[in-house]
Each structure stands twice: as structure tokens, then as C-alpha cells.
> 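Mind having a look at this structure? Questions to follow.
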Amino acid sequence: TFYTSTYSVKEMGVYAYVHDPRFHAYAVSVSDGIHTCVCEPTVFPWATIDGKEWVSHNRDFDQAVYFQLAYNPAFPAPTGEARPSEWHCSAALCAFLQLPRDLAGAAQALYGITIDKAERQHAKGRECAGDLFGPSAAAEAYVAKDAETCLRIWQDLQAQWPAHERRLFDLTSAMGAHGLAVDWPAVSAQAEELNTTVVALAKDLPWKPALSVQKFEEACSQIGTRPPPTTTAKDPLFQAWIKTNQGSQAATWVRHMQRIRSANRTAKVLEAMLARREPNGRMAYELKYFGASPGGWAGGGGLNLQNF
């Protein structure tokens, strides 16, 4: 799928990524262990895999992409009624077994093989399928290798993943897709209030941009105050400085800068929430199964719900 340095699953989460206007699925790669097909989704023979077990390395992402292609009229991929009898996730399997979750890492750990991601990096920001894959045998080989390795991992290790753990993974995915009830008017009001706060605080600083440490230090020099060694509020060096300079103009300035940073961080969280708003008014989210040792959940998808 199309991605850039600012438009990616890592930054946006699955829901926001596949519902963004920039979303485009360029290629599908499917392997049964004997034959592998790499092509655009519009020409893949979906009926040939209907009713079979499907395996993805990051099932939730592939599922979201597939359902966009299947149900969104903006995408002409003729998936028809092709559905799996079961849809498995080799990445979750690897996480349970304490292997690297990413496909390249798992392949290296299990088989000593290297999956070169250079072709994927080369595709970054490219706008059309022909430009992305074109006549490059290397690009097609890269995509095919992903599918073949994913299947190999599943076939080799699936017996080691207990049914109750698979169920926990499925429930985790289902909860995230179902989403949370959110008071959206309160979210919007809070975002507006934060913006007002930032504007007011920045207006009181005699330099722009407001968070420029260099300009802050220059302003400190102009009033004869030694600037702090750091502007990080919890740093002991800053705390020692603020104790000495409490009540100074420089202390007021740096506190404004800290409040602006805090407000900006909170605003980004609210923006991330709004980007995950589903048509039914709920908020999609992600939790990473076996994302924390020795098997706990971790936040994922660019919005860490466990920090709320």
C-alpha cells in the first residue's frame, strides 16, 4: 500500500490509515506454498481462495485493507464474496513465542534468512502501481517472499499457539474494531481550549517561534539571566535552576514554553482520537497482543490507550 514519511500505519494506526483519502492498495501477494501470485488487487482471482484458511503477518492491517477493497465503492477491486474460513495472524503467533514480531526479524531468528526491505523503502511515496512495481523482478520477488515466509512460519509453528491464546488475540482485535464510546463534543471543546491557551501563552513570549530554545537563551542573556541547562521540567538540573531563579522573567518564559509543549502533546492525542472516529460515533483503537513482557498488552497504532 501507498505510504510516506508522514502517512503510515505506524503514525496513524490502521483505521485512520485505510480511511485516509491517500489510501491505495497497489498489490496483493498470495501463496499456497507451491504457487505464488503477485498482482494488483483488481486482477487477483479472489474466488480461488474463497472458503480457505488465510494467514497474514499482521492480520488486522490486512483485514482492514481487504474490507476497504471489498466494501468501499471508491475501490474497484472485485473481491466478490471471497471470505476465509479462518483468518490467522503469524505476527501474533511469533509474539506469543517471544520471537520478533516483524516478519524480517522472525525470518532471521527462525530460518537465518534475510528479507531485504530495500524494495519497500524504494516504494515510499510513489504514486501509482506501475511506478511502484513496474517491470522490476526484484520488487515482485520481495512481495512474494513476504507471503511465502508468512505461510511457512504459520505452518511450522501454529501448533505451539494454544487455542485460548488465539482467542485472546481475536478478542483484542474485535474490541479495537468495536471501538470506544467517546464524548466528541467534549473532545472538540478541549481541542479548541488548548489552541486558545497555546496562542495566549505564545503571545506573551517576546520571540517567535515560541518553542525556540535558542531564542529563549538569547532573551535570557538580554535581561542578564543565565539560561537553564535544560528546559525539561523534570530534569534535576532544571529544577535546581528554577529554584534559584524563581520569580524571574526567565522563569515565567520557560514555564510558558513548558505549558505550550504540554498543550501540544495533549492536542496531538485529541487529533489522533478524532482521526479514529468511526461512522457509528465510536473510536477505533489498537492494543498489541503480547506487546509487553511476559505477555501483557501494549498500546499500538499511534495512540496508546493505556496511557489514558
Side-chain angles (χ1 to χ4, degrees), residues 1-25 56-68 71-72 87 89 91-92 94-96 100-103 105 120 124-125 168-198 211 232-234 258-293 295-308:
T1 56
F2 173 73
Y3 79 109
T4 69
S5 57
T6 56
Y7 169 62
S8 68
V9 177
K10 181 179 180 180
E11 297 296 325
M12 302 174 65
V14 171
Y15 182 87
Y17 176 82
V18 301
H19 287 85
D20 189 277
R22 291 167 289 184
F23 171 75
H24 194 111
S56 296
H57 204 83
N58 192 351
R59 181 195 67 185
D60 291 353
F61 173 71
D62 283 5
Q63 240 177 14
V65 170
Y66 179 79
F67 288 130
Q68 274 291 87
Y71 296 119
N72 191 328
W87 200 331
C89 183
C94 288
F96 171 76
R101 186 184 296 266
D102 67 289
L103 187 60
R120 181 61 178 161
K124 184 176 181 179
L168 286 173
F169 169 66
D170 287 338
L171 288 172
T172 300
S173 298
M175 289 190 307
H178 182 64
L180 296 173
V182 173
D183 184 346
W184 294 112
V187 170
S188 297
Q190 184 63 36
E192 182 60 32
E193 182 179 330
L194 287 169
N195 181 64
T196 300
T197 297
V198 168
L211 295 181
T232 302
K234 294 183 179 180
Q258 290 167 348
R259 287 184 63 193
I260 291 172
R261 287 180 190 146
S262 178
N264 286 342
R265 286 193 296 269
T266 303
K268 286 183 179 180
V269 171
L270 298 179
E271 290 171 7
M273 292 174 65
L274 289 165
R276 289 158 176 77
R277 183 173 182 174
E278 299 177 302
N280 62 7
R282 301 180 74 85
M283 183 188 77
Y285 68 94
E286 297 170 43
L287 285 178
K288 190 175 288 186
Y289 165 80
F290 252 78
S293 181
W297 283 259
L303 180 65
N304 190 352
L305 217 64
Q306 294 183 321
N307 279 347
F308 277 29

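Side chains are part of it too, since the values below use all heavy atoms of this structure and drop only hydrogens, waters and symmetry mates. Heads up: numbering here begins at 1 and tracks the sequence.
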> Quick one: side chains of residues 184-191, donor-acceptor pairs under 3.5 Å with protein atoms, not counting sequence neighbours, listed by atom name and distance.
unit_1	atom_1	unit_2	atom_2	d
W184	NE1	G281	O	2.6
S188	OG	W184	O	3.3

> Measure up the Y17 and F23 rings against each other and bin them: parallel (under 30°), tilted (30 to 60°), perpendicular (over 60°).
perpendicular
> Taking all non-hydrogen atoms of both residues, which atom of A292 and which atom of A298 are closest, and how far apart?
N-CB, 4.3 Å
> May I ask you to test the W87-Y66 pair for a side-chain heavy-atom distance under 4.5 Å?
yes
> Output the distance between atom OH (Y289) and atom CG (D60), rounded to the nearest 0.5 Å.
12.5 Å
> What are the two closest heavy atoms between A95 and F290, and how far apart are they?
O-CD2, 3.3 Å
> Counting heavy atoms not belonging to R259, are there more than 12 under 6.0 Å from its CZ?
no
> If I take atom CD1 from residue I260 and atom CG from residue L194, how far apart are they, to the nearest 0.5 angstrom?
12.0 Å
> Of the options R277, E278, M273, which is the one that meets M283 in a side chain to side chain contact (heavy atoms under 4.5 Å, CB included)?
M273
> Taking atom CZ of F96 and atom CG of L168, what is their separation to the nearest 0.5 Å?
10.0 Å
> Does S262 reach the main-chain N or O of Q258 with its side chain, forming a donor-acceptor pair under 3.5 Å?
no
> Examine distances only and state if a side-chain atom of T4 and a backbone atom of T6 form a donor-acceptor pair shorter than 3.5 Å.
yes
> Indicate yes or no for a side-chain donor-acceptor contact from R59 to the backbone of D170 under 3.5 Å, with no hydrogens or angles considered.
no
> Show your reasoning for whether side-chain contact (heavy atoms from CB on, under 4.5 Å) applies to V9 and T1.
CA-CA 10 Å; V9 177; T1 56; 5.8 Å; no
> Are the side chain of R276 and the backbone N or O of A272 linked by a donor-acceptor pair below 3.5 Å?
yes
> If I take atom CG from residue D102 and atom SG from residue C94, how far apart are they, to the nearest 0.5 angstrom?
9.0 Å
> Step by step, would you call L287 with Q306 a side-chain contact (heavy atoms from CB on, under 4.5 Å)?
CA-CA 9 Å; L287 285 178; Q306 294 183 321; 4.0 Å; yes
> Go through V269 and F308 one step at a time and tell me if the side-chain contact (heavy atoms from CB on, under 4.5 Å) criterion holds.
CA-CA 10 Å; V269 171; F308 277 29; 4.0 Å; yes
> Report the residues that fulfil ring-ring contact (aromatic ring centres under 6.0 Å, His included) with Y285, sequence neighbours left out, ordered by chain and then residue number.
none
> Can you give me the closest heavy-atom contact between A91 and N58, atom names plus distance?
CB-N, 3.7 Å
> Distance from N280 atom CG to H178 atom NE2, nearest 0.5 Å?
8.0 Å
> Minimum heavy-atom separation for V65 and A25, please, with both atom names.
CG1-CB, 4.1 Å
> Kindly indicate whether the side chain of N264, heavy atoms from C-beta on, has any atom under 4.5 Å from the side chain of L211.
yes
> Kindly compute the distance separating CD (E11) from OH (Y3), expressed to the nearest 0.5 Å.
12.5 Å
> Taking all heavy atoms of A263 and all of V198, pick out the closest pair and write down the distance.
CB-CG2, 3.6 Å
> Looking at F2, is its backbone amide N or carbonyl O close enough to the side chain of R22 to form a donor-acceptor pair, meaning the two atoms are under 3.5 Å apart?
no
